[in-house]
Amino acid sequence: MPEGSPAQYRPTEIEPRWQQYWVDHASYEVDNDDPRPRAYVLCMYPYPSGAAHMGHVRNYTFGDLLTRYRTMKGEAVLSPMGFDSFGLPAENAAIRTGVHPREFTDQRIEELTSSLTRIGGVYDWRRTLRSHDPEYIRWTQWIFLQFLEAGLAFREKGTVNWCPGCQTVLANEQVVDGRCERSDDPVERRDLDQWYFRITDYAQQLLDDLEGLDWPERVVTQQRNWIGRSEGVEFEMPICDAEGSIRSDGLSMRVFTTRPDTSYGMTFCVLAPESPLVEQITSSEEAASVSAFVEQVRNTSEIDRLSTEGDLGKRGTFTGAYALNPFTGKPVPVYLADYVLATYGTGAVMAVPGEDQRDHDFASAFELPVIPTVARPEGFEGGAYAGEGESINSPSPDQGAVPGPDLNGMGMADAKAAAIAWLESEGIGEATVNFRLRDWLVSRQRFWGCPIPVVYCDTCGIQPVPEEELPVLAPDDVEFTPTGQSPLQSHEGFLHTSCPSCGGPARRESDTMDTFVDSSWYFLRFCDPWSEGAPFSSDAVESWMPVDQYIGGAEHAVLHLMYARFFTKALADLGVAPEHLREPFQNLFTQGMIRLAGSKMSKSRGNLIAPEEILERWGADSLRLAHLAVKPPEEDVDWEDFGLEGCSRFLNRLWRLAVPGSALLETVERREGEPTEADLQVARSSHRLIEEVTEAYERWSYNVAVARVMAHLNELYRYVQGDAGVHTETLDRALDTLIELTAPATPHITAELWALRHDGTHVHERSWPTADPSMLVEATATMVVQVNGKVRDRVEVPADADEARCIEVARSSEKVAKLLDGEPRKVIARPPKVVNFVT
RNA sequence: GCCCGGGUGGCGGAAUGGCAGACGCGGCGGACUCAAAAUCCGCUGUCCGAAAGGGCGUGUGGGUUCAAAUCCCACCCCGGGCACCA
């Protein structure tokens, strides 16, 4: 055995050596002027919570495989790694232990960096970034100021979500079922002045541009739902009394509906309890019950208000006022109900119990009439009918003239159009598009985040911090108290400043930005992390963006992924990013999560499997291979199903056969010269493997790729241990191919074996193998012979046999002949796969 | 309720109109060994059968087709998302 060829595979010895090699030789650093075709492969940058957990390992294994694979395919692959390093855990730790969040965070970044290296991940570390770096803060703040100037950032008072656990406000996206997405505390409503980003300006674009993305349908649907576009019409309804006499003050309510075709079925309308109109229209008789109701709603938690449970009769009340239905010219009563949201549409709706189930339920509770306006299909039973049908019940002339149009007999689309046209021509209303998407609330009452770079001056009002004074950094001499209040709010040294405009005394903003702001542009900074005069140069971004493959968890479907899309569009429109860069992530892959005993692995559940122990026992390559082999990557996976033994066994088998001086080959007869048919079969199988593995990598079927590779190694073992001896060149080529094909998946063992087999050269620097087409053609094929669709025999036919020849061979099968009683009625032949005799 | 996924051996899964169960785990048997581990070889859907062989089989029921896990219709179950958004 040559020196340096240990008989045994020892992952813990070879892995650190190669990890060091890839760093020392800058193997995966790419420059912006690299001449090769470009690819940008990006895994969502992690929040540094310490050593990597299994979810990280899974995510970064896929990303790393892709980086190495595409590099071998000849591309310049940009594969950067950074840290989403602002966030509440560091601040909470500071409150507990007194350690400054920066120290805490830097420590954890070091741990995470080290575990990313230990699983074999390769990155261009020159480009690394951390959200809390002063340079990164500078540009996050700079972007905020651009937004401010463009009117995309604004401060507004409104009812907001407050998380008592996190002691801060939250964006709508960060509230799930009335609870904080992070801490799970029930959120409270508070009326506060806060900073927002005007993401609603981009609602239509965010919706339209989903079209061209290669994203999982699931994520696209979630974004579509979240944006929630609906087309309809807004129109005015004058407030009146029970007889229909319009008030002298000309008050009116504006309603939004998507079903103007059902306007003749309106038997009441409903106003949000928060509406400013409530006070003005409530009659004296109803004043007491209305104010009691408004008070009751104010005290209802978000969770209860969202619930569909509860007695509808208690969830609404009559105002004593009426509004004039412009279609009929008749008054309908105005109610309040907690399910009508002040923040959507006009905060007021027309109610049509005939065609809307919720209105129908409400009408039943308050004994209000129902007028159907759409013809029901035969046999329809139930309250409201929301389906397609002919319009009915527009009042006919003999019932007395009405102002509105006659919609009778029209289909839904025509009736809608006619109703809208009439409203517009009368000047009562206009067609409108409404979105569910709300502006993004970005201010947070926290310390460990990017400070919002504005000051408040008593004379000049809100003033942006001048660009040359950026970054605004939080002070270090702070004390974290158990109250949970951000120390910035009481740090006079930080708060006291002078107004950049008038020079007078001013106060700094003490709120910081949502950490999702940091992650909304980091992928742009990666293109050009050295940029000094701007967050990045447009040219650098131009050359790498959009990200060719983005990889991360599906839990960010409407958070990070929506915000990052908004940022990209806004920055492009502001001329900071290339104008035509409309989308940041062309391809998105969302990997499944890892469960243990059926439940999600998480620190809070205390059911973590530490990758460290696995790495020590089995090595990084076995762990990586197990992640790839266990399941299709997009599916959730149980830790119990990981086949570490099988993967480790495979790598050991590969080692024993491929290591120079393999003991396995000592007693095997080695042949040179012309290969036999058996040798050629092995060679052909190797070329087929190239095709299969390449195709499997391309379509993210890593579990299949691993299966094929394992099957091929089994075949090589049978070849070596058979009686016919081994054709040296055939075996060596097949093993080399196998090593090349697995190099992206299990980088350390393949690097080691290749170096041992080929004078210290590097498998990862080789170009991706391609199959020789002539080796993909088989001389014969196994053809299935069926009788009445049932498989009765298998026969060998020449691969190029025609129909007649196939049928002839099929007929000569004894098994088939026994079953064929005379001439078959019909024969179907699909050479060279199948012949089917139909009797 | 609506919209997406999905349902295949003991388990994870493969096969996207043409050989169901690749590959791995687990199990069984054999070789090596004083023995065990490791390793190597073989078997392993199910039922009937001593065997040869045959029947059945991809959630359920129907359909299309020479041929269906795969396409169509209806239903059941599991997972995810949305859900007073007017």
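Within every chain, numbering begins at 1; the chains are lettered A, B, ... in the order of the sequence lines, protein sequences first and strands thereafter.
- Nucleic acid contact for A:Asp356: none, since no nucleic acid atom lies under 4.0 Å from a heavy atom of the residue.
- Proximity of A:Arg653 to the phosphate of B:rC41: a side-chain N or O atom is located under 4.0 Å from OP1 or OP2.
- Listed by residue number, A:Phe256, A:Thr257, A:Thr258 are the residues of residues 254-275 of chain A with a heavy-atom contact under 4.0 Å to RNA chain B.
- Residue A:Lys790 places at least one side-chain N or O closer than 4.0 Å to OP1 or OP2 of B:rC56.
- Between A:Lys631 and B:rG12 there is no side-chain polar atom (N or O) within less than 4.0 angstrom of OP1 or OP2.
- Checking B:rG12, B:rG18, B:rA86 against every side-chain atom of A:Val340, the shortest atom distance belongs to B:rA86.
- Within a heavy-atom distance below 4.0 Å of RNA chain B, the residues of residues 214-235 of chain A found are A:Gln222, A:Asn225, A:Ser230.
- Sorted by first then second residue, the salt bridge (charged side-chain N to carboxylate O under 4.0 Å, His left out) pairs that include residues 332-359 of chain A, not counting sequence neighbours, are A:Arg315-A:Asp338, A:Glu355-A:Arg376, A:Asp356-A:Arg358.
- In terms of the salt bridge (Lys or Arg N to Asp or Glu O under 4.0 Å) criterion, A:Arg718 has no residue partners (sequence neighbours excluded).
- Taking every heavy atom of residues 644-652 of chain A and every atom of RNA chain B, pairs under 4.0 Å involve A:Gly646, A:Arg649, by number.
- Remark: A:Ser812 pairs with no residue by the side-chain hydrogen bond (donor to acceptor under 3.5 Å, both in side chains) rule, at least two apart or across chains.
- Contacts of A:Trp700 classified as ring-ring contact (aromatic ring centres under 6.0 Å, His included), with partners at least two apart in sequence or in another chain: A:Phe589, A:Tyr702.
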Distances under 3.5 Å between nitrogen or oxygen atoms of protein and nucleotides 63-72 of chain B:
| from | atom 1 | to | atom 2 | distance (Å) |
| --- | --- | --- | --- | --- |
| B:rC66 | O2' | A:Asn836 | ND2 | 3.1 |
| B:rC66 | O2 | A:Asn836 | ND2 | 2.7 |

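- Paired regions of RNA chain B, where each region holds three or more successive Watson-Crick or G-U pairs whose two hydrogen-bonding distances fall under 3.5 Å, are B:1-7 with B:76-82, B:10-12 with B:23-25, B:26-31 with B:39-44, B:45-48 with B:53-56, B:59-63 with B:71-75.
- Residues passing the ring-ring contact (aromatic ring centres under 6.0 Å, His included) test with A:Phe366, sequence neighbours excluded: A:Tyr335, A:Phe362.
- Under the rule for a salt bridge (Lys or Arg N to Asp or Glu O under 4.0 Å), the partners of A:Glu236 that lie at least two apart in sequence or sit in another chain are A:Arg254.
- Closest non-hydrogen pair, A:Ser252 versus A:Leu277, comes out as O-CD1, 3.8 Å.
- Across all strands, A:Arg688 comes closer than 4.0 Å to no nucleic acid atom at all (heavy-atom distances).
- A:Tyr202 meets the ring-ring contact (aromatic ring centres under 6.0 Å, His included) test with A:Phe566; sequence neighbours excluded.
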